[in-house]
Amino acid sequence: MHRRITTAGILALTTGLGACQQTTPPTTGTDLNGNGRIEPYENTALDPQARSEDLIGRLGIEQKIDLVMGTGFSNTMGGSSKVPGAAGSTAPLPDFGIPSIELTDGPAGVRINPQRDNDPNDYYATAFPIATTLASTWNPELVAAVGAAMGNEVKEYGTDILLAPGMNIQLNPRGGRNYEYLSEDPLLSGKMAAAIVKGVQSQGVGATVKHFVANNLETSRMVLNAEVDEQALREIYLRGFQIAIKESQPWAVMTSYNKLNGTYTSQDPVLLKQILRHEWGFGGLVMSDWLSGDDSVAQLQAGNDLIMPGRPENREEIIRGLADGSLTEADLDHNLRRILPTVFKAPSANGYPYTNRPELKANAATARQAAAEGVVLLKNRDATLPLKNIGKVAVFGNTSYDFISGGTGSGDVNEAYTVSLVEALASNDIAIEPGLQQQYLAYAIDAKAKQPKRTSFFQFVPPIAEMPVSPEQAAQLARSQDMALITIGRNSGEFQDRPVEGDFYLTETEQAAIATVSEAFHSAGKKVVLVLNIGNVVETRSWQDKVDAIVLPWQGGQEAGNAVVDVLTGKVNPSGRLSVTFPVRYEQIPSAETFPGEVLDPAIVQNPYFGGLPNGQRSQLQYIESIYVGYRYFDSFDQPVAFPFGFGLSYTDFAISEAGMQETAEGHFEVAVTVTNRGSVAGKQVLQLYSSAPSGKLPKAERALVAFGKTRQLAPGESQALTLSFTLADLASFDTARHQWVAEAGDYSLALAASSRDSLWQTRLVVDHETLLSPVLTALPPSTAFKVITP
Ligand code: BGC
């Protein structure tokens, strides 16, 4: 197949402003200030901008200052948000009858306190699967349903804006917050974040895409300067945000903690005014991350409209700025034009009668469905799974008895329960060897008693060390039980990055347990299935051959145990695919060289918000890999991987046929293909479309994802037509010399694939002339010169 396009010149993306019409709107709304009239700002028939203008005209300078900063940390940390445990709130305007609006974390569900003083009720929220599990579904509709379920809890618990989705690129497995993020790929991140935003906002509450931008690690995050070249910024780090903002219009964007090429992102007018607002047309609210930046005046002027969580120092700085003229009232008005329309949309400002009774049951069912669909089956030797004739199982691994639902820090959720693997097995009539269970439970009680007590929200207490397994015990269990299950668990979270040894790499005890159990069970002719209950990538190559099957649910939320057993038993045929590559060794990753060492300074661990720079830490991260992040690196540099991006097995087998590509409009393409389930059980297939650009003047990755599609559940023999769309812009590279997206002339190869490393069908697209895809864009300040890697 051979398509030829001859487009030359500029395909500019312009948005036309419709002609203004002057009509007198009707007067409806609530008399918020109780003066017996509906003032323009109270008039819901007016658009939010007009209402805001009216209100701005009535506000005094003090009220304006109140509004551009939050009311402090959550009320459990000295602030005044009305919902206990919510992350913060905007200032109320009592004179005008406008309440505060409430902001709540975070990516895996609503984070509020489950208990309240003098209140017998509880306020648990649903712990949904972590973002990485959601991305692993490759199913935007399902992820939107999860977003809607989260939105239901945001709204019914009396809050207004969810501080999610998190969508930073998973640059390095050590990133402590990778679990809050979606993928190493910007297209998958952008599409999945858009799905979450659409779902959340379908409930009439807001979503916040965060952390804008290049917040890819935790160590030194409050002072870190991310040095990123312009091509990598445009193609990798900004791109996901651009997709999400364009496709889903989130109510808010949260800036990040770090500096980008020398300037705090929350103080960077190029980033916020030029790129986010002007180039991308973002019309919502920009808020800071909690306590970020070092200059409130610079934040407000840069277009970071709302300073969170808001503290006395911010007020002092603003007042000083107004006094010395570095900040004007007009600047504040500008910020208010973003804040007030959001306030007017929020349920709190519209007197929404929230129930404190979200649909917890239905939401748990949605969480279970997403957790199961996000399970990636990495290995299934001789069709070990689904389980057949298994009545009695020896269950190894501390985490099997205490599943980790999600990570720690602000992305944690206070859920009512987490279904463990053993609980779910029991409810499926699979008997767990009771002696072994007793042993693990007793070990856990003892080990937990010896752990440091968690004294603050910031403190990360790692999971207890794995219990050793003796060869004698393994041999004895291998005789009496039908098979072995082993879970390897990991946790991580905000404030700290993961260590390499004993975290990315398994501990010696874990390695020994896998070897001992596998040897014993295999000698008895029985199988071993390993479950990875992890927040991000671990090393697998050294042990993956020892076990028969590897099931990766990541941290699947409160229903994870059920979801895993749904997959083990075949109730659900796994259809998750990796959203991140599993490398062979940590040292392969380019950023292994640049990533800061482990934090040793106890003051930082106690309170990383205020700590400054840990001893001996670098305050900059040079992004030497440039655009070669994740599979773009492994594929372009011929590096071996343990499991490639996009990979995942199924209990059935799919064929594709009738694939073809056509240009549907100038620069718009569709790849149509028929997917047939040719196996014996129902299942879903994910097809990925990768482009390989011709080598030209600009650096290019070997392959880049340009589209993907997932089938519905196909019965054996059933087929479905999938259409994967992309545009010439998706094939383009960013030319930093001209500050423009450019599709260089030449042959582009497009491959339908089931991972970044295979190809099911290929076609070519010839671009005759170099094509400029955008007008000249804002030049980003250059990073300090450092050498980026090249293949
Ligand atoms: C995190 C944000 C979070 C905020 C409010 C910060 O520490 O970086 O992601 O939304 O706290 O809890």
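In each ligand, atom 1 is the first atom listed, and ligand 1 is the first ligand listed. All values below come from the heavy atoms of this structure, side chains included, with hydrogens, waters and symmetry mates left out. Worth saying up front: this structure is predicted, and the values here are computed from it rather than measured.
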Residue part near ligand 1, for Glu180, under 4.0 Å between non-hydrogen atoms: neither
In ligand 1, which numbered atoms sit nearer than 4.0 Å to a non-hydrogen atom of Glu494? 1 (C), 6 (C), 7 (O), 8 (O)
By number and element, which atoms of ligand 1 are closer than 4.0 Å to a non-hydrogen atom of Ala87? 5 (C), 12 (O)
Contacts under 3.5 angstrom, residues 202-211 side chains, donor-acceptor by atom type, not counting sequence neighbours:
unit_1 : atom_1 : unit_2 : atom_2 : d
Ser202 : OG     : Gly199 : O      : 2.5
Thr208 : OG1    : Leu162 : O      : 2.9
Lys210 : NZ     : Asp105 : OD1    : 3.4
Lys210 : NZ     : Leu163 : O      : 2.8
His211 : ND1    : Asn168 : OD1    : 3.2
His211 : ND1    : Tyr181 : OH     : 2.9
His211 : NE2    : Arg177 : NH1    : 3.4

Heavy-atom nearest pair, Pro107 first then Gly411, reads CD-CA, 4.1 Å
Test salt bridge (charged side-chain N to carboxylate O under 4.0 Å, His left out) applied to Asp185 - qualifying residues, sequence neighbours left out: Arg632
Show me which atoms of ligand 1 lie under 4.0 Å from any heavy atom of Asp105. 3 (C), 5 (C), 10 (O), 12 (O)
Do the ring centers of Tyr623 and Tyr237 come within less than 6.0 Å of each other? yes
Would you say Trp290 has any N or O atom under 3.5 Å from an N or O of ligand 1, going by distance alone? no
Output yes when Glu279 and Lys246 qualify as a salt bridge under the 4.0 Å nitrogen-oxygen rule, no when they do not. no
Note: Arg177, heavy atoms under 4.0 Å from ligand 1, region reported as side chain
Atoms of ligand 1, numbered as shown, that sit under 4.0 Å from any heavy atom of Ser410: 1 (C), 2 (C), 3 (C), 9 (O), 12 (O)
Heavy-atom closest contact (Leu578 atom, Trp554 atom, distance): CD2-CZ2, 4.1 Å
Are Asp331 and Lys273 close enough for a salt bridge, meaning some N to O gap below 4.0 Å? no
Checking heavy-atom distances from atom 6 (C) of ligand 1 to each of Leu103, Asp289, Thr104, the winner is Asp289
Does Arg221 come within less than 4.0 angstrom of ligand 1, counting non-hydrogen atoms of the residue? yes
Centre of Phe504's six-membered ring, under 6.0 Å away, within 45 degrees of the axis: is that where NZ or CZ of Arg174 sits? no
Any donor-acceptor pair under 3.5 Å linking the side-chain atoms of Thr104 with those of Glu102? no
For Lys210, atoms of ligand 1 separated by under 4.0 Å from a heavy atom: 2 (C), 3 (C), 9 (O), 10 (O)
Which of the numbered atoms in ligand 1 are below 4.0 angstrom from a heavy atom of His211? 2 (C), 8 (O), 9 (O)
Can you name the closest pair of heavy atoms from Gln299 and Ser288 and give their distance? NE2-CB, 4.1 Å
Numbered atoms and elements of ligand 1 in range of Leu163, under 4.0 angstrom, heavy atoms: 10 (O)
Pick one of side chain, backbone, both or neither for how Arg111 approaches ligand 1, counting any non-hydrogen atom pair under 4.0 Å. side chain
Could you list which atoms of ligand 1 come closer than 4.0 Å to a heavy atom of Met254? 10 (O)
Contact between ligand 1 and Tyr257 is defined here as a heavy atom of the residue under 4.0 Å from a ligand atom; is it met? yes
